[in-house]
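Starting from 1, each residue takes its place in the sequence as its number. Both backbone and side-chain heavy atoms feed into the values below; hydrogens, waters and symmetry mates do not.
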Amino acid sequence: MAINLGLFSIENTAGLLSILSLIPFIVLYLIKPKPKIMTVPSLMFFIKMSGANKITSFFKQLIKDWLFFLQLLAILFSIFIIAQPAITYTHDITSSNTIIVIDVSASMQAKESGGTRFEIAIEKAKEVLSGRNTIILAKYFPQIALKDASRGESKDFLNSLRPKDSSTRLGDALLLAGETLGSREGRIVVISDFLNTEGQDPETAKAVLQSKKQVVDFINVASQEPKNNVGFIDLLAEDESTTAYIKNFGLEQKTITLRAGGTEKVINIGAGHVEPFVFQTPSGITKLEIVDQDDLPADNVAILSAPEQMKIKALLITNNRSIFLENALKASGLVDVTVAEPPIISKESYDLYVLHDISPKEILTGTFEDIAEKVEAGANIIIHAQENQKNLDLSAIAPITVSGVGDQTSLTVQQFNRFTKNMDFGSVKYYLDAKLGDGFITLITAEKSPMVAYKQKGRGKVVYYGILEKASDFKFQPSYPIFFTELLKFLTERQDIKKLNQKTNQMILLDSPQNVKTPVRNIPNAAVLFLEDAGLYSYENKLVVANLLDEKESAINSKEVRGQRSTEYKLEPVKDKRKYIFETPLLIILFILLAFEVYYVKMRGDL
């Protein structure tokens, strides 16, 4: 039980009982050996004179005995250490460390009070800086951008900071701040418009941190004034046509002008409504723009990236034309198909050769050798299996050995890629039990026999398509022309338009570290690419675009007020009563006294 004496207190009252140790200490000093009295005439006078002053003489001797006082002080300080005297004082628990969680998402680019929400947030962040600061960026991928930096370093960093075009994981960033602060004293300040679009709810995250006795302040930079915003919320890019979706987030109908490349269109959008804008997909890079200005410029622009519309020259070599195969090739819109009927085959060079149902007797000597040379030089070839495959010598292109015919069975996808995924190949009534030459990668099998396989041959590719038309209903499926379209894109390395057009918040794993040019900077030897800024990303001879296209992030009208207004917030210290027990300084003093006592005894000659 403690004894309070105002600012001072005794924490261990039982320790005061140790003061009784002074009694035996003083008694030991009072007890002296009793001397034997002997009569010495010459000293009698002096003995009689000293008898009257025995008590006075004792105290005089005691005063001269410094060892007594050293030991007395040592005992007193030991008693104080056991009793644990303490002092109560107030302490600002937020002054040591400041962790600033600053929202850098797209909605922070909204116009506010003559500037933007982000500009207001930066100025407020500078006001709350302390001696040691950590800055965490709240975005789709929360990031510790600066740790334990001085006020000057933090200001320089804040001056260089720019908002991103991503959504917000504000609660996740707040939890990261709590982990960073840990058991240290400090304050977490969150500066945001509190339009949390992803992840943990910030109020829940705040409650978690406060349960750990961490101080969390919310500063809201968004006003309650209605905002006027019309923006792109989605972009569906296809090879033939593209559809852009535009939403009016305001409270009134708007008439806006859309611009796509050199084309303009005026549309009316009701409050809260979404309107589509469909146009033919142009090749290359095309900028889509809402010409009219509003309170969030970030969603007024979208960029479309499409491969160059270059037709593939294809030669279909057959003695029995298949309407299914021919139409599947033409349906892709990627090829100009020329049909050649052996023995007459054009000597002109083509990008793609397709062999289907060829009469072995009609092929002139050297024809396949000539095609093999062109494949080596960079052309591609598709070998469509036929009933009399064993009579067709394709050894110059790819050795194919047929050992028999298999019975009805289902087709199994062994490897998924762009032309086998999401495909239903069904089953076959029968199949060629074939063996391919070395180097083939098998993608689809019937039992153990390859049905679709490919290999690299020089600069070109060889594809074996073993699904016989008469033995399969795959030719009737809607996925049949899609399969050949994707196969043609694979062979000609034509980039998928959907992969060229991404939304921000995406992460791309690169095949190998390489230099990447982003909309804001160049990144050397990047292995992972975070799409946080809208615009063009250049790598691997690709031009990938990232667009905001986030309906939640574009809804910049605040529905509820969280935290204190930035104009009202004041940095107040958070006081906490603390007790300081003088145990350590008392131990130091006791050690010094004991050391001095040993020194004194040695100087006096007792040791």
Side-chain angles (χ1 to χ4, degrees), residues 236-240 305-307 312 324-325 328-329 331-335 352 354 375 380-385 398 400 406 408-429 431-457 460-469 471-503 505-512 514 527-529 531 539-542 544:
L236 301 181
E238 301 287 348
D239 291 321
E240 297 299 325
S305 178
I312 301 169
F324 300 105
L325 177 60
L329 294 174
S332 67
L334 302 175
V335 297
L352 174 68
V354 182
V375 172
N380 299 289
I381 185 169
I382 299 175
I383 302 172
H384 196 303
I400 301 174
Q408 180 174 350
T409 186
S410 59
L411 299 179
T412 304
V413 179
Q414 300 293 340
Q415 291 190 34
F416 291 95
N417 63 9
R418 65 186 295 175
F419 56 88
T420 61
K421 66 179 181 180
N422 302 323
M423 296 286 178
D424 181 13
F425 293 94
S427 61
V428 290
K429 299 173 184 176
Y431 63 92
L432 298 180
D433 189 1
K435 183 179 180 180
L436 305 179
D438 296 336
F440 274 94
I441 298 173
T442 301
L443 304 177
I444 301 173
T445 60
E447 299 301 336
K448 294 183 180 181
S449 184
M451 290 292 100
V452 176
Y454 76 94
K455 65 174 285 188
Q456 191 75 32
K457 183 176 178 64
K461 296 184 182 71
V462 178
V463 175
Y464 173 73
Y465 181 82
I467 304 175
L468 299 170
E469 277 196 353
S472 170
D473 291 333
F474 180 52
K475 59 183 176 294
F476 299 118
Q477 300 297 323
S479 54
Y480 182 73
I482 297 175
F483 167 82
F484 277 99
T485 297
E486 294 301 322
L487 176 59
L488 292 174
K489 290 179 180 179
F490 168 76
L491 290 176
T492 58
E493 297 182 352
R494 183 183 177 90
Q495 297 172 356
D496 188 347
I497 190 171
K498 293 181 180 179
K499 291 184 178 180
L500 295 179
N501 294 273
Q502 301 281 348
K503 294 182 180 181
N505 303 335
Q506 302 302 310
M507 179 178 67
I508 297 177
L509 297 176
L510 303 181
D511 295 334
S512 60
Q514 55 195 280
V528 180
L529 184 59
L531 305 181
Y539 64 95
E540 287 183 341
N541 298 320
K542 294 181 181 178
V544 176

Under a 4.5 Å cut-off applied to non-hydrogen side-chain atoms, are [X] and [Y] in contact?
X	Y	result
V413	M423	no
F474	V428	no
T492	L352	no
M507	V528	yes
N380	V463	no
S472	Y431	no

Check your understanding: What orientation do F425 and F483 show, parallel under 30°, tilted 30 to 60°, or perpendicular over 60°?
Key ->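 If you compare the ring of F425 with that of F483, the planes turn out perpendicular.
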Please give me the minimum heavy-atom distance between [X] and [Y], naming the atom from each residue.
X	Y	answer
Y464	P450	CE2-O, 3.4 Å
S427	T409	CB-O, 3.2 Å
A328	P481	CB-CA, 4.1 Å
L329	V335	O-CG2, 3.1 Å

Between [X] (side chain) and [Y] (backbone), is there a donor-acceptor pair under 3.5 Å?
X	Y	answer
N501	S305	yes
S449	A434	yes
K475	L325	no

How many angstroms lie between atom [atom1] of [X] and atom [atom2] of [Y], to the nearest 0.5 angstrom?
X	Y	atom1	atom2	value
I441	L436	CD1	CG	12.0 Å
Q506	L529	CD	CG	11.0 Å
I382	L487	CD1	CG	4.5 Å
I467	H384	CD1	NE2	8.0 Å
T442	K455	OG1	NZ	12.0 Å
Q514	Y539	CD	OH	8.0 Å

Exercise for review: Mind running side-chain contact (heavy atoms from CB on, under 4.5 Å) on Q415 and T420 for me, showing each step along the way?
Suggested key: CA-CA 8 Å; Q415 291 190 34; T420 61; 5.9 Å; no
**Study point:** Test side-chain contact (heavy atoms from CB on, under 4.5 Å) applied to F419 and L443, step by step
**Key:** CA-CA 10 Å; F419 56 88; L443 304 177; 3.3 Å; yes
Practice item. Verify the distance criterion only: is there a donor paired with an acceptor across the side chains of T445 and Q414 at less than 3.5 Å? Key: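 Indeed, the side chains of T445 and Q414 share at least one donor-acceptor pair under 3.5 Å.
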Check your understanding: Where do F484 and Y480 land on the ring-ring contact (aromatic ring centres under 6.0 Å, His included) test, with the steps shown first?
Key -> CA-CA 7 Å; F484 277 99; Y480 182 73; 5.2 Å; yes
